[in-house]
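These numbers were taken from a predicted model, which means no experiment stands behind them. Naming convention: chains lettered A, B, ... in sequence-line order (proteins, then strands); numbering from 1 in each chain.
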Protein chains: 2
Amino acid sequence: MESKKAKNNININCSELLSLTLVKETMQLLSCKWKVQIIAFLLRNGKTRYMGLQRGICGISSRVLSKELQELEQNEIISRTVMDPKLTSVEYELTAHGKTLEGVLLCIANWGAHCKDLFQKK
Amino acid sequence: MESKKAKNNININCSELLSLTLVKETMQLLSCKWKVQIIAFLLRNGKTRYMGLQRGICGISSRVLSKELQELEQNEIISRTVMDPKLTSVEYELTAHGKTLEGVLLCIANWGAHCKDLFQKK
DNA sequence: CGGTATCCGTAGCGATACTG
DNA sequence: CAGTATCGCTACGGATACCG
């Protein structure tokens, strides 16, 4: 869009730009209001049905749950399985790929814990 | 691993809830549109002035930059130093605490890279 | 230079009703 | 049960203009 005005002393090399892009993209995958909760829930509880998710994740509306599940499915983080052809039972679970997010979430949680310690000491 | 599932309710134990809270809170700290870019920029370039940030982070408006810097400062991720009492020079840099986010960002970027590989193979 | 103040459009979320 | 459809709100972000 805009022209890069990095004529001054700002240099960004390729690999750094790349990793920044990766951070941004990954954050976008996760930064919706409920996505991390959905993922965390599935990490803990495994395969779960639609209503199970809605009951387990307190406060999420049907509309939003549906939308975020679709997005997670598009990104192949979760899989959707229709157990009953009459749509009376659909199961969601993390894909193998989705499960690798556990490490990322732990990393984030760890930092958060560290952060809390720091603020409590003051 | 024993997971208690009541008929209607799903029980989550304390430590799990706690870590989920930590993930959510940390995500909130970072999930504004430009924050990770500000942090990444400061990780690379170190101490930077206001205009330097605005030039370096392509597309951010003055208003938003200002707001996000304030929030980052409140969370003690960055520090703000007035170099000139007439406000002609103000420098921002990561605090020691802020620098610990590098690991988290790397973790996220790594996952993103892994993720891309996976999609390209298909 | 380093911000605020103001205005405005849109995306995101919530609540609710409804459908197959 | 597993979703969509509809509506309404508001908070976020972008574009200026302006100020000390």
Handout entry: Length of the line joining A:I60:CD1 and D:dT4:C1', which is rounded to integer Å
Key = 15 Å

Practice task
Starting at atom CD of A:E71, determine the distance to atom P of D:dG3, rounded to an integer number of angstrom.
Solution key: 15 Å

Practice task
Check whether A:L30 and A:I57 end up in the same hydrophobic cluster, where Ile, Leu, Val, Met, Phe, Trp and Tyr are linked by side-chain heavy atoms less than 4.5 Å apart.
Solution key: yes

Problem - By side-chain contact (heavy atoms from CB on, under 4.5 Å) - contacts of B:E73 (at least two apart) - result: B:I78, B:R80

Handout entry: A:L94-A:V90 co-clustered via ILVMFWY side chain contacts under 4.5 Å
Key = yes

Handout entry: Nearest-Å distance for atom pair CD/P, residues B:Q28 and C:dG12
Key = 16 Å

Practice task
Take atom CG of A:L53 and atom C1' of D:dA2, then tell me their distance rounded to the nearest Å.
Solution key: 11 Å

Handout entry: Under 3.5 Å: donor-acceptor pair, side chain of B:T95, backbone of B:I77
Key = yes

Completion exercise
Rounded to whole Å, the CD1-C1' distance (B:I57 to D:dG13) equals 15 Å

Exercise for the section: Without swapping roles, check the side chain of B:S31 against the backbone of B:M27 for a donor-acceptor pair under 3.5 Å. Expected result: yes

Exercise for the section: Measure the distance from CG on B:L65 to P on D:dG14 and round it to the nearest whole Å. Expected result: 11 Å

Fill in the blank from the handout: Under a 4.0 Å heavy-atom cutoff, the residues of residues 31-38 of chain B touching DNA chain D are B:C32, B:K33, B:W34

Exercise for the section: Kindly determine whether A:W34 and A:V64 satisfy side-chain contact (heavy atoms from CB on, under 4.5 Å), including the steps that lead there. Expected result: CA-CA 8 Å; A:W34 301 95; A:V64 174; 3.6 Å; yes

Problem - Aromatic plane relationship, A:Y92 with A:Y50 - under 30° parallel, 30 to 60° tilted, over 60° perpendicular - result: tilted

Practice task
Can you check each nucleotide of nucleotides 1-6 of chain C against protein heavy atoms at under 4.0 Å and return B for base, S for sugar-phosphate only, - for none, in 5' to 3' order?
Solution key: BSBBBB

Exercise for the section: Indicate, with yes or no, if B:L101 and B:L43 share a hydrophobic cluster defined by side-chain heavy-atom contacts under 4.5 Å among Ile, Leu, Val, Met, Phe, Trp and Tyr. Expected result: yes

